Structure formats: structure tokens, C-alpha cells
Amino acid sequence: MTLKECYAAMGGNYDEVMGRLRSERLVQKFVLKFLDDGSFDLLCRSMEGADYEEAFRAAHTIKGVCSNLAFNELLDSGSQLTEALRGGNCGPEVERLYEQVKADYARTVQAIRAFQEGAGG
């Protein structure tokens with residue numbers, strides 16, 4: 001799988017990130033580092049523990065990272081969850097959005113791992 005195919009598989013925008021970072025090697029470096037980012041785990045722990053302020057911070061971090069890397073599907077769901085959690089709010093909409101973030105995150109990680117395996121690393 002190429003990096004461009006990885007972006008297509010995750011619902012990202014390869015051309016956008018290349019326009020921003022201008023180097024496929026640099027994009028690859030940050031895409032692979034995404035696997036080590038702890039924000040998603042923090043989001044899950046915070047949601048399970050009903051700590052919605054901490055969940056907001058984690059969702060906001062996910063949103064920022066995804067914006068920088070043009071992971072657009074995860075950016076969209078992460079942005080919606082961030083706004084729904086703003087001010088420590090919770091409710092059925094937050095749960096629905098959280099489930100969408102989990103699905104988009106899983107798809108993103110799956111694409112990155114497939115790329116990583118194909119790139120030999």
C-alpha cells in the first residue's frame with residue numbers, strides 16, 4: 001500500500017497534507033507517529049470514567065492532530081465530538097459521536113498499519 005492509498009483507505013486527503021508538509025517522507029514520519037499518540041486511549045478512559053472535561057481535551061487533541069495530517073474523516077467526527085463535549089456536556093448525542101470517533105479511529109489505524117506493513121516497517 002502506498003501512502004496515497006493509505007490516505008484513501010482512511011478517508012484522508014493526501015494532496016492536502018502534501019501541500020502542507022511538502023515531503024512524503026515527512027508525512028510518512030508523522031503518519032506512523034500517530035500510532036503512538038495516546039489521545040485516543042485518554043478519550044476512551046475519560047468517556048468510560050464520565051470525565052467529560054478530560055474527554056473534551058482528548059477529543060480536541062485528536063481534532064488538532066487530524067487537522068494537521070488531513071485525516072479528514074476522523075477530523076470530522078472528532079470535531080463534532082469536541083463541540084458536543086464543550087463545557088463538560090454529555091448525553092445521547094455525545095455517545096453517538098463517540099461511537100463514530102471510535103469507528104473512524106479504527107479505520108484510520110487499520111489503514112496506517114496496512115501501509116506500515118507494506119512499507120516494511
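Source: prediction; values computed, not measured.
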Donor-acceptor pair, side chain of S67 and main chain of K63, under 3.5 angstrom: no
task: Decide if atom CD of Q110 counts as having more than 12 heavy atoms of other residues, nucleotides or ligands within a radius under 6.0 Å.
output: no
message: Can you tell me if K4 has over 12 outside heavy atoms packed within less than 6.0 Å of its NZ?
response: no
- request: Consider only side-chain heavy atoms of I, L, V, M, F, W and Y, link residues closer than 4.5 Å, and tell whether Y52 and L42 are in one cluster.
  value: no
task: Grab the two heavy atoms, one from M1 and one from C6, that are nearest each other, plus how far apart they are.
output: SD-CA, 3.5 Å
- prompt: Nearest heavy-atom pair of A9 and A111: which atoms, and what distance?
  reply: CB-CB, 3.8 Å
Any [X] side-chain heavy atom under 4.5 Å of [Y] side chain:
{"X": "I112", "Y": "F71", "value": "yes"}
{"X": "M47", "Y": "E95", "value": "yes"}
{"X": "Y105", "Y": "F34", "value": "yes"}

Expected list for residues 76-84: side-chain donor-acceptor pairs under 3.5 angstrom, two or more places apart:
unit_1	atom_1	unit_2	atom_2	d
D76	OD1	Q80	NE2	3.4
D76	OD2	Q80	NE2	3.1
S77	OG	E73	O	3.4
S77	OG	L74	O	3.3
S77	OG	D104	OD2	2.7
S79	OG	L75	O	2.8
T82	OG1	A59	O	3.2
T82	OG1	H60	N	3.4
T82	OG1	G78	O	2.7
E83	OE1	R86	NE	2.9
E83	OE2	R86	NH2	2.7

field: Salt-bridge present (R96, E99; N to O < 4.0 Å)
entry: no
task: Just grab all the salt bridge (Lys or Arg N to Asp or Glu O under 4.0 Å) pairs involving residues 10-39, residues at least two apart or on different chains.
output: E16-R20
statement: CD of E93 to CG of L85, rounded to nearest 0.5 Å, is 10.5 Å
- prompt: Which value, rounded to the nearest 0.5 Å, describes the distance between L43 atom CG and D51 atom CG?
  reply: 11.0 Å
field: Evaluation steps, salt bridge (charged side-chain N to carboxylate O under 4.0 Å, His left out), between E48 and R45
entry: CA-CA 5 Å; E48 289 166 11; R45 285 193 315 272; over 6 Å; no
- prompt: Relative to the ring of Y14, is the ring of Y7 parallel (under 30°), tilted (30 to 60°) or perpendicular (over 60°)?
  reply: perpendicular
